[in-house]
J.: 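Before we start, here is the structure in question, set down as C-alpha coordinates.
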Amino acid sequence: MSSHPVATQSPSVEEPVNLPEPQGLTPERLRAWAWHRQGLDGSLAGCTAEQVLARAGWARSVGGANPYLTLFARAGIRREQVDADVLAHRILELPVARGCTYVLGRDDFAWALKLGKDAAEAIRVLGRLGVERGEITLLEEQVLHVLAEAEGPMDPRQLKEELGDSVRNLGEEGKKKGATTTLPTALGILQAQGKIRRVPANGRLDQQRYAYEPWGLAPSGLDDDAARTELVRRYLGWTGGATFKQSQWFTGFTVAQSKAALAAVGAIEVSTALPEAGGDPLWMLPADVGRLAAFEEPAGEQIQLLAGTDSLFLLRRNAADLLEEEDQHRPALGSLALQADLPDHPILDRGRIIGLWQYDPAKGRIVPWLFHGPTPAITQRIAEVEAWIREDLGDFRAFSLDSPASRQKRIDALAASAVAAASSAAASSADGAS
(Lines give C-alpha, C1' and ligand atoms only; values in the text may rest on other atoms or scores of the structure.)
Protein backbone atom coordinates (compact mmCIF):
# COMPACT_ATOMS: atom_id res chain seq x y z
CA MET A 1 0.00 0.00 0.00
CA SER A 2 1.33 3.39 -0.97
CA SER A 3 2.39 5.68 1.87
CA HIS A 4 1.25 8.68 -0.17
CA PRO A 5 -2.54 8.50 -0.46
CA VAL A 6 -4.42 10.96 -2.63
CA ALA A 7 -6.83 13.29 -0.80
CA THR A 8 -10.24 13.89 -2.34
CA GLN A 9 -13.28 15.73 -1.09
CA SER A 10 -16.67 14.02 -1.21
CA PRO A 11 -19.67 16.38 -1.35
CA SER A 12 -21.48 14.20 1.20
CA VAL A 13 -18.82 14.07 3.91
CA GLU A 14 -17.25 16.77 6.02
CA GLU A 15 -13.62 15.61 6.00
CA PRO A 16 -11.34 14.72 3.05
CA VAL A 17 -11.11 11.00 2.30
CA ASN A 18 -7.69 9.45 1.67
CA LEU A 19 -7.80 7.20 -1.39
CA PRO A 20 -5.28 4.36 -1.56
CA GLU A 21 -3.18 4.07 -4.71
CA PRO A 22 -4.73 1.66 -7.25
CA GLN A 23 -1.64 -0.55 -7.45
CA GLY A 24 -2.02 -1.32 -3.76
CA LEU A 25 -5.52 -2.73 -4.26
CA THR A 26 -4.47 -6.05 -5.76
CA PRO A 27 -6.83 -8.97 -6.38
CA GLU A 28 -5.40 -10.72 -3.32
CA ARG A 29 -5.99 -7.74 -1.06
CA LEU A 30 -9.51 -7.13 -2.34
CA ARG A 31 -10.42 -10.80 -1.93
CA ALA A 32 -9.29 -10.74 1.70
CA TRP A 33 -11.14 -7.45 2.25
CA ALA A 34 -14.42 -8.84 0.89
CA TRP A 35 -13.88 -11.97 3.01
CA HIS A 36 -13.56 -9.77 6.09
CA ARG A 37 -16.58 -7.60 5.22
CA GLN A 38 -18.63 -10.78 4.83
CA GLY A 39 -17.67 -11.91 8.33
CA LEU A 40 -16.08 -15.12 7.06
CA ASP A 41 -12.93 -14.49 9.08
CA GLY A 42 -14.56 -15.42 12.40
CA SER A 43 -15.58 -11.86 13.26
CA LEU A 44 -19.27 -12.85 13.44
CA ALA A 45 -18.80 -15.80 15.80
CA GLY A 46 -21.48 -15.76 18.50
CA CYS A 47 -23.79 -13.39 16.61
CA THR A 48 -27.49 -14.04 16.10
CA ALA A 49 -29.00 -14.79 12.71
CA GLU A 50 -30.38 -11.24 12.53
CA GLN A 51 -26.94 -9.79 13.21
CA VAL A 52 -25.26 -11.97 10.61
CA LEU A 53 -27.77 -11.04 7.90
CA ALA A 54 -27.46 -7.35 8.77
CA ARG A 55 -23.65 -7.46 8.48
CA ALA A 56 -23.10 -9.93 5.63
CA GLY A 57 -26.25 -9.33 3.61
CA TRP A 58 -29.49 -11.11 2.94
CA ALA A 59 -29.20 -14.83 2.16
CA ARG A 60 -30.52 -15.90 -1.24
CA SER A 61 -33.18 -18.57 -0.96
CA VAL A 62 -34.28 -20.71 -3.89
CA GLY A 63 -35.44 -23.72 -1.93
CA GLY A 64 -31.82 -24.65 -1.25
CA ALA A 65 -29.61 -24.88 1.82
CA ASN A 66 -27.67 -21.64 1.31
CA PRO A 67 -29.42 -19.72 4.15
CA TYR A 68 -28.45 -22.45 6.61
CA LEU A 69 -24.79 -22.60 5.52
CA THR A 70 -24.61 -18.79 5.42
CA LEU A 71 -25.37 -18.69 9.13
CA PHE A 72 -23.40 -21.80 10.10
CA ALA A 73 -20.21 -20.68 8.30
CA ARG A 74 -20.21 -17.21 9.86
CA ALA A 75 -21.59 -17.78 13.33
CA GLY A 76 -21.90 -21.53 13.88
CA ILE A 77 -25.72 -21.30 14.05
CA ARG A 78 -27.42 -24.70 13.73
CA ARG A 79 -30.56 -25.44 11.73
CA GLU A 80 -32.74 -25.89 14.81
CA GLN A 81 -32.02 -22.30 15.87
CA VAL A 82 -32.55 -20.94 12.34
CA ASP A 83 -35.94 -22.65 12.09
CA ALA A 84 -36.87 -21.28 15.52
CA ASP A 85 -35.93 -17.78 14.34
CA VAL A 86 -38.19 -18.17 11.29
CA LEU A 87 -41.06 -19.41 13.45
CA ALA A 88 -40.63 -16.43 15.79
CA HIS A 89 -40.49 -13.99 12.83
CA ARG A 90 -36.99 -12.86 13.77
CA ILE A 91 -35.91 -13.71 10.23
CA LEU A 92 -38.13 -14.40 7.22
CA GLU A 93 -37.93 -15.25 3.55
CA LEU A 94 -39.40 -12.34 1.57
CA PRO A 95 -39.45 -11.07 -2.04
CA VAL A 96 -37.18 -8.02 -1.97
CA ALA A 97 -34.35 -6.97 -4.33
CA ARG A 98 -35.39 -7.53 -7.97
CA GLY A 99 -38.45 -9.34 -6.63
CA CYS A 100 -36.21 -12.30 -5.68
CA THR A 101 -36.59 -14.08 -2.35
CA TYR A 102 -33.98 -13.59 0.36
CA VAL A 103 -33.85 -14.40 4.07
CA LEU A 104 -33.49 -11.17 6.08
CA GLY A 105 -33.85 -9.86 9.62
CA ARG A 106 -36.99 -8.26 11.06
CA ASP A 107 -35.57 -4.73 11.16
CA ASP A 108 -35.54 -4.83 7.36
CA PHE A 109 -38.94 -6.42 6.66
CA ALA A 110 -41.08 -3.34 5.99
CA TRP A 111 -38.72 -1.17 3.96
CA ALA A 112 -37.21 -4.10 2.03
CA LEU A 113 -40.66 -5.19 0.82
CA LYS A 114 -40.86 -1.86 -1.01
CA LEU A 115 -38.01 -3.08 -3.23
CA GLY A 116 -39.93 -6.09 -4.52
CA LYS A 117 -41.14 -6.51 -8.05
CA ASP A 118 -43.68 -3.83 -8.89
CA ALA A 119 -47.16 -5.29 -8.45
CA ALA A 120 -48.28 -3.02 -11.27
CA GLU A 121 -46.40 -5.25 -13.72
CA ALA A 122 -48.44 -8.30 -12.71
CA ILE A 123 -51.62 -6.22 -12.91
CA ARG A 124 -50.74 -5.12 -16.45
CA VAL A 125 -50.22 -8.75 -17.51
CA LEU A 126 -53.64 -9.67 -16.13
CA GLY A 127 -55.15 -6.60 -17.77
CA ARG A 128 -54.00 -7.85 -21.16
CA LEU A 129 -55.81 -11.09 -20.34
CA GLY A 130 -59.07 -9.25 -19.66
CA VAL A 131 -58.83 -9.09 -15.85
CA GLU A 132 -59.79 -5.74 -14.35
CA ARG A 133 -58.08 -4.31 -11.27
CA GLY A 134 -61.32 -4.40 -9.31
CA GLU A 135 -61.49 -8.17 -9.69
CA ILE A 136 -58.04 -8.57 -8.09
CA THR A 137 -58.93 -6.14 -5.31
CA LEU A 138 -62.00 -8.21 -4.48
CA LEU A 139 -59.92 -11.41 -4.57
CA GLU A 140 -57.41 -9.84 -2.16
CA GLU A 141 -60.20 -9.08 0.30
CA GLN A 142 -61.54 -12.62 0.02
CA VAL A 143 -58.07 -14.11 0.60
CA LEU A 144 -57.67 -12.04 3.75
CA HIS A 145 -61.09 -13.15 4.98
CA VAL A 146 -60.40 -16.84 4.33
CA LEU A 147 -57.00 -16.72 6.06
CA ALA A 148 -58.44 -14.85 9.03
CA GLU A 149 -61.06 -17.59 9.48
CA ALA A 150 -58.64 -20.48 8.96
CA GLU A 151 -57.24 -22.54 11.83
CA GLY A 152 -53.73 -22.31 10.44
CA PRO A 153 -51.70 -21.44 7.35
CA MET A 154 -53.21 -22.47 4.00
CA ASP A 155 -51.32 -23.48 0.88
CA PRO A 156 -52.35 -22.23 -2.61
CA ARG A 157 -54.29 -25.40 -3.38
CA GLN A 158 -56.34 -25.07 -0.20
CA LEU A 159 -56.95 -21.39 -0.87
CA LYS A 160 -58.06 -22.08 -4.41
CA GLU A 161 -60.51 -24.73 -3.24
CA GLU A 162 -61.92 -22.44 -0.56
CA LEU A 163 -62.20 -19.42 -2.86
CA GLY A 164 -63.87 -21.39 -5.66
CA ASP A 165 -65.00 -19.34 -8.65
CA SER A 166 -63.44 -16.19 -7.21
CA VAL A 167 -60.14 -17.48 -8.63
CA ARG A 168 -60.26 -17.22 -12.40
CA ASN A 169 -58.45 -19.74 -14.58
CA LEU A 170 -56.69 -17.85 -17.37
CA GLY A 171 -56.32 -20.77 -19.77
CA GLU A 172 -53.62 -21.39 -22.35
CA GLU A 173 -53.06 -17.70 -23.05
CA GLY A 174 -52.44 -17.12 -19.35
CA LYS A 175 -49.93 -19.99 -19.23
CA LYS A 176 -47.97 -18.38 -22.06
CA LYS A 177 -47.74 -15.17 -20.05
CA GLY A 178 -46.88 -16.92 -16.79
CA ALA A 179 -50.28 -16.34 -15.15
CA THR A 180 -52.27 -19.57 -14.90
CA THR A 181 -54.84 -18.11 -12.47
CA THR A 182 -55.50 -14.79 -10.73
CA LEU A 183 -54.56 -16.13 -7.29
CA PRO A 184 -50.73 -15.71 -7.44
CA THR A 185 -51.08 -12.02 -8.30
CA ALA A 186 -53.42 -11.40 -5.37
CA LEU A 187 -51.08 -13.29 -3.02
CA GLY A 188 -48.07 -11.37 -4.32
CA ILE A 189 -49.73 -8.00 -3.77
CA LEU A 190 -50.84 -8.90 -0.26
CA GLN A 191 -47.38 -10.17 0.65
CA ALA A 192 -45.71 -7.03 -0.75
CA GLN A 193 -48.06 -4.96 1.42
CA GLY A 194 -47.17 -7.00 4.52
CA LYS A 195 -50.79 -8.16 4.96
CA ILE A 196 -49.94 -11.86 4.61
CA ARG A 197 -46.74 -13.82 4.82
CA ARG A 198 -45.50 -17.03 3.27
CA VAL A 199 -44.38 -19.79 5.67
CA PRO A 200 -42.40 -22.97 4.90
CA ALA A 201 -44.77 -25.93 4.84
CA ASN A 202 -42.56 -28.02 7.15
CA GLY A 203 -40.73 -25.17 8.86
CA ARG A 204 -37.56 -25.59 6.77
CA LEU A 205 -36.05 -23.14 4.33
CA ASP A 206 -34.44 -25.74 2.04
CA GLN A 207 -37.59 -26.59 0.12
CA GLN A 208 -40.22 -24.70 -1.88
CA ARG A 209 -43.56 -25.77 -0.45
CA TYR A 210 -45.32 -22.88 1.23
CA ALA A 211 -48.52 -21.85 2.94
CA TYR A 212 -49.87 -18.40 3.80
CA GLU A 213 -51.10 -16.78 6.98
CA PRO A 214 -52.26 -13.27 8.01
CA TRP A 215 -49.46 -10.90 8.97
CA GLY A 216 -50.40 -7.26 9.44
CA LEU A 217 -46.89 -5.81 9.18
CA ALA A 218 -46.73 -2.09 9.93
CA PRO A 219 -45.78 -0.16 6.77
CA SER A 220 -42.34 1.37 6.37
CA GLY A 221 -41.89 5.09 6.87
CA LEU A 222 -39.53 5.23 3.87
CA ASP A 223 -40.64 6.35 0.43
CA ASP A 224 -39.32 4.60 -2.68
CA ASP A 225 -36.28 6.88 -3.06
CA ALA A 226 -35.31 6.44 0.58
CA ALA A 227 -35.70 2.65 0.32
CA ARG A 228 -33.41 2.58 -2.72
CA THR A 229 -30.86 4.71 -0.89
CA GLU A 230 -30.98 2.39 2.12
CA LEU A 231 -30.44 -0.68 -0.05
CA VAL A 232 -27.39 0.87 -1.72
CA ARG A 233 -26.02 1.83 1.71
CA ARG A 234 -26.46 -1.73 2.95
CA TYR A 235 -25.13 -3.25 -0.27
CA LEU A 236 -21.90 -1.25 -0.24
CA GLY A 237 -21.45 -2.16 3.42
CA TRP A 238 -22.04 -5.85 2.77
CA THR A 239 -19.59 -6.00 -0.12
CA GLY A 240 -17.01 -3.48 1.05
CA GLY A 241 -17.27 -1.91 -2.40
CA ALA A 242 -18.69 -2.80 -5.81
CA THR A 243 -18.61 -1.57 -9.37
CA PHE A 244 -21.52 0.42 -10.75
CA LYS A 245 -22.63 -2.52 -12.92
CA GLN A 246 -22.45 -4.93 -9.98
CA SER A 247 -24.63 -2.66 -7.85
CA GLN A 248 -27.13 -2.36 -10.70
CA TRP A 249 -27.32 -6.12 -11.11
CA PHE A 250 -28.13 -6.72 -7.45
CA THR A 251 -30.54 -3.83 -6.95
CA GLY A 252 -32.26 -3.88 -10.33
CA PHE A 253 -32.24 -0.05 -10.28
CA THR A 254 -32.06 2.10 -13.38
CA VAL A 255 -28.92 4.12 -14.14
CA ALA A 256 -30.59 7.28 -12.85
CA GLN A 257 -31.83 5.58 -9.67
CA SER A 258 -28.40 4.04 -9.03
CA LYS A 259 -26.58 7.35 -9.47
CA ALA A 260 -29.02 9.12 -7.16
CA ALA A 261 -28.65 6.48 -4.44
CA LEU A 262 -24.84 6.46 -4.67
CA ALA A 263 -24.82 10.23 -4.35
CA ALA A 264 -27.22 10.11 -1.40
CA VAL A 265 -24.91 7.80 0.59
CA GLY A 266 -21.82 9.83 -0.33
CA ALA A 267 -20.20 6.90 -2.13
CA ILE A 268 -16.55 7.33 -3.12
CA GLU A 269 -15.14 6.11 -6.45
CA VAL A 270 -11.96 4.06 -5.84
CA SER A 271 -9.70 2.78 -8.62
CA THR A 272 -8.15 -0.68 -8.22
CA ALA A 273 -5.57 -2.96 -9.81
CA LEU A 274 -8.24 -5.49 -10.82
CA PRO A 275 -7.97 -6.28 -14.53
CA GLU A 276 -10.85 -8.78 -14.15
CA ALA A 277 -13.20 -5.87 -13.44
CA GLY A 278 -12.33 -4.34 -16.80
CA GLY A 279 -10.72 -1.41 -15.06
CA ASP A 280 -14.02 -0.37 -13.49
CA PRO A 281 -13.58 1.42 -10.15
CA LEU A 282 -15.28 0.35 -6.95
CA TRP A 283 -17.89 2.52 -5.26
CA MET A 284 -17.39 2.47 -1.51
CA LEU A 285 -18.87 4.05 1.59
CA PRO A 286 -16.57 6.82 2.87
CA ALA A 287 -15.86 5.04 6.17
CA ASP A 288 -14.88 1.85 4.34
CA VAL A 289 -12.24 3.64 2.28
CA GLY A 290 -10.33 4.38 5.47
CA ARG A 291 -10.94 0.90 6.84
CA LEU A 292 -9.58 -0.65 3.64
CA ALA A 293 -6.47 1.53 3.84
CA ALA A 294 -5.80 0.23 7.37
CA PHE A 295 -6.82 -3.37 6.63
CA GLU A 296 -4.23 -6.08 7.20
CA GLU A 297 -4.56 -9.30 5.24
CA PRO A 298 -4.66 -12.36 7.53
CA ALA A 299 -1.47 -14.44 7.53
CA GLY A 300 -2.94 -17.81 8.51
CA GLU A 301 -5.40 -20.08 6.72
CA GLN A 302 -9.12 -19.33 7.10
CA ILE A 303 -10.98 -22.19 5.42
CA GLN A 304 -14.68 -22.16 4.61
CA LEU A 305 -17.02 -24.28 2.53
CA LEU A 306 -19.86 -22.14 1.13
CA ALA A 307 -22.84 -22.52 -1.15
CA GLY A 308 -22.52 -21.29 -4.71
CA THR A 309 -25.23 -18.72 -3.94
CA ASP A 310 -23.47 -17.32 -0.87
CA SER A 311 -23.44 -13.52 -0.56
CA LEU A 312 -19.68 -13.48 -1.13
CA PHE A 313 -20.37 -14.37 -4.78
CA LEU A 314 -23.97 -13.50 -5.48
CA LEU A 315 -23.90 -9.89 -4.33
CA ARG A 316 -21.41 -8.99 -7.04
CA ARG A 317 -21.66 -11.98 -9.40
CA ASN A 318 -17.86 -12.04 -9.53
CA ALA A 319 -16.71 -15.60 -8.85
CA ALA A 320 -13.90 -15.20 -11.42
CA ASP A 321 -12.32 -12.49 -9.24
CA LEU A 322 -11.97 -15.04 -6.44
CA LEU A 323 -9.95 -17.48 -8.53
CA GLU A 324 -6.22 -17.22 -9.03
CA GLU A 325 -5.34 -16.87 -12.70
CA GLU A 326 -3.80 -20.35 -12.77
CA ASP A 327 -7.12 -21.84 -11.60
CA GLN A 328 -9.54 -19.97 -13.85
CA HIS A 329 -9.37 -22.38 -16.79
CA ARG A 330 -9.51 -25.73 -15.05
CA PRO A 331 -11.76 -28.17 -16.99
CA ALA A 332 -14.42 -28.44 -14.28
CA LEU A 333 -14.95 -24.66 -14.38
CA GLY A 334 -15.87 -24.57 -18.05
CA SER A 335 -19.62 -24.85 -17.52
CA LEU A 336 -21.30 -22.31 -15.26
CA ALA A 337 -24.28 -23.35 -13.14
CA LEU A 338 -27.61 -21.56 -13.29
CA GLN A 339 -27.71 -20.50 -9.64
CA ALA A 340 -24.05 -19.52 -9.25
CA ASP A 341 -21.11 -18.64 -11.46
CA LEU A 342 -19.51 -21.96 -10.58
CA PRO A 343 -20.54 -25.52 -11.48
CA ASP A 344 -20.23 -26.63 -7.84
CA HIS A 345 -20.00 -25.18 -4.35
CA PRO A 346 -16.66 -23.51 -3.50
CA ILE A 347 -13.97 -24.19 -0.92
CA LEU A 348 -12.13 -21.00 0.03
CA ASP A 349 -9.18 -19.67 1.97
CA ARG A 350 -9.30 -15.95 2.86
CA GLY A 351 -11.49 -15.18 -0.14
CA ARG A 352 -9.63 -17.27 -2.71
CA ILE A 353 -11.42 -20.25 -4.23
CA ILE A 354 -9.13 -23.24 -3.71
CA GLY A 355 -11.49 -26.06 -4.64
CA LEU A 356 -15.04 -27.22 -5.27
CA TRP A 357 -17.38 -29.60 -3.47
CA GLN A 358 -20.69 -31.43 -3.59
CA TYR A 359 -22.46 -33.53 -0.98
CA ASP A 360 -23.15 -37.19 -1.74
CA PRO A 361 -26.13 -38.20 0.45
CA ALA A 362 -25.88 -41.86 -0.56
CA LYS A 363 -22.48 -42.05 1.12
CA GLY A 364 -23.08 -39.30 3.68
CA ARG A 365 -19.91 -37.45 2.71
CA ILE A 366 -18.56 -34.39 0.96
CA VAL A 367 -16.81 -35.01 -2.34
CA PRO A 368 -14.11 -32.31 -2.67
CA TRP A 369 -11.76 -31.36 -5.45
CA LEU A 370 -8.85 -29.29 -4.15
CA PHE A 371 -6.83 -27.48 -6.76
CA HIS A 372 -3.55 -27.72 -4.85
CA GLY A 373 -4.04 -30.53 -2.37
CA PRO A 374 -5.21 -30.61 1.27
CA THR A 375 -3.77 -29.05 4.39
CA PRO A 376 -4.73 -30.05 7.95
CA ALA A 377 -6.98 -26.96 8.19
CA ILE A 378 -8.79 -27.84 4.97
CA THR A 379 -9.28 -31.46 6.01
CA GLN A 380 -10.64 -30.39 9.39
CA ARG A 381 -13.14 -27.91 7.95
CA ILE A 382 -14.41 -30.39 5.37
CA ALA A 383 -15.04 -32.88 8.19
CA GLU A 384 -16.87 -30.24 10.27
CA VAL A 385 -19.20 -29.18 7.44
CA GLU A 386 -19.76 -32.81 6.43
CA ALA A 387 -20.87 -33.71 9.97
CA TRP A 388 -23.12 -30.62 10.12
CA ILE A 389 -24.88 -31.55 6.87
CA ARG A 390 -25.47 -35.12 8.06
CA GLU A 391 -26.77 -34.05 11.46
CA ASP A 392 -28.75 -30.92 10.57
CA LEU A 393 -29.83 -31.17 6.94
CA GLY A 394 -29.50 -34.73 5.69
CA ASP A 395 -28.57 -33.40 2.23
CA PHE A 396 -27.25 -30.17 0.73
CA ARG A 397 -29.31 -28.90 -2.18
CA ALA A 398 -28.34 -25.85 -4.22
CA PHE A 399 -32.00 -25.20 -5.10
CA SER A 400 -35.35 -26.91 -4.76
CA LEU A 401 -34.96 -29.29 -7.74
CA ASP A 402 -31.36 -30.21 -6.94
CA SER A 403 -31.93 -33.91 -6.26
CA PRO A 404 -29.14 -36.40 -5.52
CA ALA A 405 -29.76 -38.03 -8.92
CA SER A 406 -29.52 -34.73 -10.78
CA ARG A 407 -26.16 -33.88 -9.20
CA GLN A 408 -24.58 -37.33 -9.55
CA LYS A 409 -22.79 -36.31 -12.75
CA ARG A 410 -21.15 -33.40 -10.95
CA ILE A 411 -20.24 -35.60 -7.96
CA ASP A 412 -18.55 -38.09 -10.30
CA ALA A 413 -16.74 -35.29 -12.15
CA LEU A 414 -15.37 -33.86 -8.90
CA ALA A 415 -14.20 -37.28 -7.75
CA ALA A 416 -12.46 -37.89 -11.09
CA SER A 417 -10.80 -34.46 -11.00
CA ALA A 418 -9.56 -35.10 -7.48
CA VAL A 419 -8.04 -38.45 -8.50
CA ALA A 420 -6.38 -36.90 -11.55
CA ALA A 421 -4.98 -34.05 -9.44
CA ALA A 422 -3.58 -36.50 -6.87
CA SER A 423 -1.96 -38.61 -9.61
CA SER A 424 -0.42 -35.52 -11.20
CA ALA A 425 0.95 -34.36 -7.84
CA ALA A 426 2.42 -37.80 -7.14
CA ALA A 427 4.06 -37.89 -10.58
CA SER A 428 5.55 -34.43 -10.08
CA SER A 429 6.88 -35.47 -6.68
CA ALA A 430 8.46 -38.61 -8.14
CA ASP A 431 10.09 -36.60 -10.96
CA GLY A 432 11.50 -34.19 -8.43
CA ALA A 433 12.96 -36.95 -6.34
CA SER A 434 14.64 -38.70 -9.27
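Values reported hereafter were calculated over all heavy atoms of this structure, with side chains retained and with hydrogens, waters and symmetry mates removed.
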J.: Hey, do the aromatic rings of F396 and H345 have their centres closer than 6.0 Å?
T.: yes
J.: If you measure from the Lys or Arg side-chain nitrogens to the Asp or Glu carboxylate oxygens, is any gap between K195 and E141 under 4.0 Å?
T.: no
J.: Tell me, with the steps shown, if D224 and K114 meet salt bridge (charged side-chain N to carboxylate O under 4.0 Å, His left out).
T.: CA-CA 7 Å; D224 290 344; K114 296 177 69 66; 3.5 Å; yes
J.: Looking at side-chain heavy atoms only, is the closest gap between I189 and T137 below 4.5 Å?
T.: no
J.: If you compare all heavy atoms of E93 against all heavy atoms of S61, which two are closest, and at what distance to 0.1 Å?
T.: OE2-OG, 2.6 Å
J.: Is there a donor in the side chain of Q38 and an acceptor in the side chain of R74, or the other way round, less than 3.5 Å apart?
T.: yes
J.: Any ion pair linking D327 and R352 (charged N to carboxylate O, less than 4.0 Å)?
T.: yes
J.: Looking at E213 and R197, is there a salt bridge between them, counting it only when a charged N and a carboxylate O are closer than 4.0 Å?
T.: yes
J.: To the closest 0.5 Å, what do you measure between OG (S406) and CZ (F399)?
T.: 6.0 Å
J.: For the atom pair OG (S417) and CZ (R410), what is the distance rounded to the nearest 0.5 Å?
T.: 7.5 Å
J.: Could you tell me if the side chain of E140 sits less than 4.5 Å from the side chain of V143, heavy atoms only?
T.: no
J.: Exactly one of T239, V265, L292 should register a side chain to side chain contact (heavy atoms under 4.5 Å, CB included) with M284. Which one does?
T.: L292
J.: Taking atom CD of E296 as the centre, does the number of heavy atoms from other residues, nucleotides or ligands within less than 6.0 Å exceed 12?
T.: no
J.: Output the distance between atom CZ (R31) and atom CG (L312), rounded to the nearest 0.5 Å.
T.: 11.0 Å
J.: Indicate yes or no: at least one non-hydrogen side-chain atom of V103 is less than 4.5 angstrom from one of L205.
T.: yes
J.: Is the shortest heavy-atom distance from the side chain of L282 to the side chain of W33 under 4.5 Å?
T.: no
J.: Can you see which heavy atom on A49 is nearest to which on I77, and at what distance?
T.: N-CD1, 3.5 Å
J.: Determine the minimum heavy-atom distance between R55 and W238, stating which atoms define it.
T.: O-CD1, 3.2 Å
J.: Do side-chain atoms of R79 reach the backbone of W388 as a donor and acceptor pair under 3.5 angstrom?
T.: no
J.: Apply the test salt bridge (charged side-chain N to carboxylate O under 4.0 Å, His left out) to residues K409 and D412: give CA-CA distance (whole Å), side-chain angles for both, the deciding distance (0.1 Å), then the verdict.
T.: CA-CA 5 Å; K409 184 177 180 180; D412 294 341; over 6 Å; no
J.: State, yes or no, whether a side-chain contact exists between M154 and L147 at a heavy-atom distance under 4.5 Å.
T.: yes
J.: Enter the distance from L126:CG to L170:CG here, rounded to the nearest 0.5 Å.
T.: 6.0 Å
J.: Which residues satisfy the salt bridge (Lys or Arg N to Asp or Glu O under 4.0 Å) test with D288, sequence neighbours excluded?
T.: R37, R291
J.: Do N66 and Y102 meet the criterion of a side-chain donor-acceptor pair at a distance under 3.5 Å?
T.: no
J.: Say whether W35 and Q302, considering side chains only, have a donor N or O and an acceptor N or O under 3.5 Å apart.
T.: yes
J.: Hey, can you tell me if F250 and W58 have their rings parallel, tilted or perpendicular (30° and 60° cut-offs)?
T.: tilted
J.: Could you tell me if E135 and T182 have a donor-acceptor pair between their side chains, going purely by distance under 3.5 Å?
T.: no
J.: Does a side chain donor of either Q304 or R381 reach within less than 3.5 Å of an acceptor in the other side chain?
T.: yes
J.: What is the distance from atom CZ of R198 to atom CG of L187, rounded to the nearest 0.5 Å?
T.: 10.0 Å
J.: Under 4.5 Å between any side-chain heavy atoms of L217 and L113, yes or no?
T.: yes
J.: Closest heavy-atom contact between L305 and W357?
T.: CB-NE1, 3.8 Å
J.: Look at the side chain of E269 and the backbone N and O of W283, then say whether any donor-acceptor pair between them is shorter than 3.5 Å.
T.: no
J.: Which heavy atom of L129 sits nearest to which heavy atom of A179, and what is that distance?
T.: CD1-CB, 4.3 Å
J.: A side-chain contact here means heavy atoms from C-beta on lying under 4.5 Å apart; do H372 and I354 qualify?
T.: no
J.: Quick one: does L306's side chain get under 4.5 Å of L40's, heavy atoms only?
T.: yes
J.: Indicate yes or no: does E50 engage R106 in a salt bridge with an N to O separation below 4.0 Å.
T.: yes
J.: Do the charged groups of D402 and R397 touch, with an N to O distance under 4.0 Å?
T.: no
J.: Within this structure, what is the OG1-CG distance for the pair T185 and L190, rounded to the nearest 0.5 Å?
T.: 11.0 Å
J.: Take atom CZ of R209 as the centre, draw a 6.0 Å sphere, and report whether it contains more than 12 heavy atoms from other residues, nucleotides or ligands.
T.: no
J.: Indicate the atoms forming the closest heavy-atom contact of A34 with R316, along with that distance.
T.: CB-NH2, 3.5 Å
J.: How about E132: does its CD atom have over 12 heavy atoms from other parts shown lying under 6.0 Å from it?
T.: no
J.: Would you please say whether a donor-acceptor pair under 3.5 Å links the side chains of D344 and W369?
T.: no
J.: Identify the residue among R234, R90, R233 that makes a salt bridge (Lys or Arg N to Asp or Glu O under 4.0 Å) with D108.
T.: R234
